[in-house]
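Here's the structure we're looking at; comments come further down.
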Amino acid sequence: MPRDQIESDAFVGREQYDPISVQDKWLPIWDELAPFRSGNADDPRPKKYVLDMFPYPSGDLHMGHAEAYALGDVIARYWVQQGFNVMHPIGWDAFGLPAENAAIRRNSDPGSWTYENIATQRASMRRYGCSFDWDRTLNTCDPEYYKWNQWLFLKMFERGLAYRKDSFVNWCPTDQTVLANEQVVDGKCERCDSIVTKKKLTQWYLRITDYADRLLDDMEQLVGAWPDKVLTMQRNWIGRSTGAEVAFEIEGRAEPVTVYTTRPDTLFGATFFVVAADSDLAAELAAGTSAEAEFMAYAESVSRVTEMDRLDAGRAKTGVFLQRFAINPVNGERIPIYASDYVLADYGTGAIMAVPAHDQRDLDFARTFDLPIRVVVQGESDPIETGIATADEGPHVNSGPLDGLGKTEAIEKMIELLAAQGRGHATVNYRLRDWLISRQRYWGTPIPIIHCPTCGEVPVPEDQLPVLLPDASGLDLKPKGSSPLGAATEWVEVACPKCGADARRDPDTMDTFVDSSWYFLRFVSPRRDDVAFDVEAVREWLPVDQYVGGVTHAILHLLYARFFTKVLHDLGLVDFDEPFRRLLNQGMVVMNGSAMSKSRGNLVRLSDELATSGVDAIRLTMVFAGPPEDDVDWADVSPTGAKKFLARAWRLAGEVATEPGIDPTAGNLELRRATHRALHDASTAVAAFRFNVAVARLMELVNATRRAIDTGCGPADPAVREATEAVAIMLSLVAPFTAEEMWERLGRVAPVALAGWPTVDPALLVEESVTCVVQVAGKVRHRLEVSPDIDEASLREMALAAEPVQRSLAGRAIASVVVRPPRLVNIVPASE
RNA sequence: GCCGGGUUGGCGGAAUGGUAUACGCGGAUGGCUCAAACCCAUCUGUCUGAAAGGACAUGCGGGUUCGACUCCCGCACCCGGCACCA
């Protein structure tokens, strides 16, 4: 290589890598090539489905989107390089409150705001180089989509899975609408942080509790494929407990009252009885007694207590003695009945037997009201003295036939005894409640039910779907506690489909979580207007091979989507019962340890970062920052470093001095080994979501190639081309623009995305020589360069002969020598 | 309280029971340059030592093992979930 050639290469090395012009260059070409189109029916490649949780179109993309889509893209692009036909669709979760609030503010309609934002996000995603299949977009606010929400609702209605009931519901006073249990966080509205109150309303529910066992048990399939954290959260949320129902006779009442308990073995210790203050039963028991007035006042005060206050752990127990008595079925004791708000009306049967010695809440209540406390399970301490309820395993005392038994046997025995008398049986209970889906807002899917004075709840006939939202103009969208749709007279007033009489449409809209509970199915056939989804295409593409999204949806969305899938399975529309085979929860992008927000003043604008560093550098920064599930602290990472690395990789492509297609087998062996090692390690790492490690291996290869060009085999060695092409292909998962530009500079034809992952030659994964460490008593004292296939005996001999080894043995006798060719020898000296 | 996850250099983080600290950020020194930037090279856990080397280090304390960041037992702290759910 002549001196001036090297200098001119060095000059090329110093030309500026300009990521922005590279982006502008490739975007229109990619539009043309559409490498990620997945809908070709003749495509022979095996299929994979990669799905990013679709965004809510609240404005332009932000740093969080940038991270999530960078990670999803690595997986999608990796599988494309591995020869799969990858469906990687995107859509918009486009119904919801922010659009309505924006419309009120701007005095326009929610639709125009929403569609403007969708257009903005779509353009940003394209510029971000997302490998989406643009033929498969969907918006949940399109009638073509929400028609199928209505259809699914009617299918559930037919099966009794959608029903109306009257009960106390969570009410957000700011948004002026009801909330599902899942949307109440720490007693506050998860959306606006207002303190949630209770309101008695008739609302639509989906019977998710019918599926509680399956939602719980089917998680077995997901162990190892979903983060443990998410599985745990779902298990906690479902909250299955096993126990027994026990019937108590009530003096002066014909029917007994059943209670639920997880500790039927403590029945002999039940010294009083409590019913939920807000239950119908409490009102009935109080009626006509001398306690009625006191109870009414108490019940009234309870209804004013917010969820927030109710959850306060240190709150003193309150209640009213109802002047009534229950009979303990095992010993015939008369025990007083109280009403209190520490018993929940909607869990179990809304009534409990109180065992103060062994339940802290009951003990607190007993001490407040001076009620008797009877120990029936021998414990370490005495609850009467300590005020701390005990929960020991036994043995039982003061419990007749249970005396001497441990907890498990005692529970069994008690259930037997109760069953023999027909007064009880084993049962299970769940923390999970049915899913309240009615919302008193405009921008959502109308509930396709017509209320007729004579026929009741009448489903809108299927051929009349969709029930379109009426035009928002002329409607008052301001929150006022009842649905804005109720005021759309012409829309609301319809003839009953059954009898033709004057009737009214249900004025509420559906919770937007309904929309996202099945959108992953719609992507297989987003333009079909005759079915919700093509059943045959679903069979081919689903379940989703890889789902990617934030842990914020660990309970809500994922539980609902699993529920819908099981319902669809029972309807015979899908043949699987879990929708997402693998789940990756990416962390958040934070700044200086806390979530970015305008008010905190630590907001980093994605558009600024893209302008200074370029798309690829931002994507690389996100991917390389650490394990994907960890938060990325923008203060800890270096987009500048990422940009430098990309320039370094790009420069290699300009220096390769051989033609495309040259046979690499004659090339420099050391560099070839590095190339194949990097390809192998990077695929393993990507498959295990260890993207940061894959990038590290790629950086090593770039470093090795740099060295080979500068001080090794030189740019004309075929191995340099092989290495640089491998760099471009690996880089295409993370930094598609730079990779494409490199590919072109290498004389190859775009798109690099379809280049295919190079085949790894296993022979090149074997090193020429390896470093063997020699330990004395477990401490490294010497290193030997040996052949990888060295035999045990000669390795042992070499190790023992080495001077530093002898020195540290210092004449001590050798007790044993552990030889693990070719990497390690450990010499264990005899102890003194 | 119950359940899950974590604790490795100045920082982000690597490590099938076998070379702890890969890769990068930051830092130092040198080269290139009139100079700076860019780029390139070398060094960079702590202590000790002129050096060779040695000692100590993966939250703390034990254990198993020839060998432990990795497995087991106990503890501390941090993060997340559930929690008046009987």
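Keep in mind that the numbers below use all heavy atoms, side chains included, and drop hydrogens, waters and symmetry copies. In what follows, every chain begins at residue 1, and chains take the letters A, B, ... in the order their sequences are listed.
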When all nucleic acid strands are considered with a 4.0 Å heavy-atom cut-off, which category describes [X]: base, sugar-phosphate, or nothing?
X: A/Gln775; value: base
X: A/Asn826; value: base
X: A/Val693; value: sugar-phosphate
X: A/Asp630; value: sugar-phosphate
X: A/Asn429; value: nothing
X: A/Thr771; value: base
X: A/Arg781; value: sugar-phosphate
X: A/Val551; value: nothing
X: A/Pro227; value: nothing

_Assuming nearest nucleotide by heavy-atom distance, tell me which of A/Arg648 and A/Thr232 is located more 5' along RNA chain B._
A/Thr232
At under 4.0 Å, does any side-chain N or O of [X] touch on OP1 or OP2 of [N]?
X: A/Lys643; N: B/rC38; result: no
X: A/Arg807; N: B/rG53; result: no
X: A/Asn692; N: B/rA14; result: yes
X: A/Tyr347; N: B/rA86; result: yes
X: A/Arg706; N: B/rA41; result: no
X: A/Thr640; N: B/rC25; result: no

For [X] and [N], give me the distance from atom [atom1] to atom [atom2], rounded to whole Å.
X: A/Leu698; N: B/rG24; atom1: CG; atom2: P; result: 11 Å
X: A/Glu67; N: B/rG12; atom1: CD; atom2: C1'; result: 13 Å
X: A/Leu784; N: B/rG18; atom1: CG; atom2: C1'; result: 15 Å

[atom1] spacing across the pair [N] / [M], given as an integer number of angstrom:
N: B/rG45; M: B/rG9; atom1: P; answer: 13 Å
N: B/rG17; M: B/rU70; atom1: C1'; answer: 7 Å
N: B/rG67; M: B/rA83; atom1: P; answer: 48 Å
N: B/rA22; M: B/rC69; atom1: C1'; answer: 15 Å
N: B/rU65; M: B/rG4; atom1: P; answer: 29 Å

*Using Watson-Crick and G-U wobble pairs with both distances under 3.5 Å, what is the 5'-to-3' dot-bracket string of RNA chain B, with [ ] for crossing pairs and | for pairs outside the strand?*
(((((((..(((.....[....)))((((((.......))))))((((....))))..(((((..]....))))))))))))....
*Determine whether the side chains of A/Trp634 and A/Glu609 contain a donor N or O and an acceptor N or O closer than 3.5 Å.*
yes
*Under 3.5 Å, is there a donor-acceptor pair linking the side chains of A/Thr738 and A/Asp616?*
yes
Table please: side-chain donor-acceptor pairs of residues 352-360 of chain A below 3.5 Å, with sequence neighbours left out.
from, atom 1, to, atom 2, distance (Å)
A/His358, ND1, A/Thr390, O, 3.2
A/His358, ND1, A/Thr390, OG1, 3.1
A/His358, NE2, A/Val376, N, 3.0
A/His358, NE2, A/Val377, N, 3.1
A/Asp359, OD1, A/Arg361, N, 2.9
A/Asp359, OD1, A/Arg361, NE, 3.1
A/Asp359, OD1, A/Asp362, N, 3.1
A/Asp359, OD2, A/Arg361, NH2, 2.4
A/Gln360, OE1, A/Ala389, N, 2.8
A/Gln360, NE2, A/Asp364, OD1, 3.0
A/Gln360, NE2, A/Gly387, O, 3.0

With hydrogens left out and only the distance checked, is there a donor-acceptor pair under 3.5 Å joining [X]'s side chain and the base of [N]?
X: A/Asn236; N: B/rC82; value: no
X: A/Arg823; N: B/rG18; value: no
X: A/Lys644; N: B/rC38; value: no

_For A/Trp650 and A/Tyr17, take the angle between the two ring planes, folded into 0 to 90°, and tell me which bin it lands in: parallel under 30, tilted 30 to 60, perpendicular over 60._
tilted
*Between A/Phe369 and A/Phe365, what is the ring plane arrangement, given parallel below 30°, perpendicular above 60°, and tilted in between?*
parallel
*asked:* Check for me whether A/Lys317 meets the cation-pi criterion with A/Tyr342, that is, NZ or CZ under 6.0 Å from the six-membered ring centre and within 45 degrees of the ring axis.
replied: yes
_Side chain of A/Leu344 only, heavy atoms from C-beta on: which candidate in B/rC66, B/rG4, B/rA86 is closest?_
B/rA86
*Could you tell me whether B/rG9 is syn or anti, where syn means a glycosidic angle within 90 degrees of zero?*
syn
_Per the salt bridge (Lys or Arg N to Asp or Glu O under 4.0 Å) rule, what does the pair list look like for residues 683-710 of chain A, sequence neighbours excluded?_
A/Glu655-A/Arg706, A/Asp681-A/Arg697, A/Arg697-A/Glu700, A/Arg706-A/Asp710
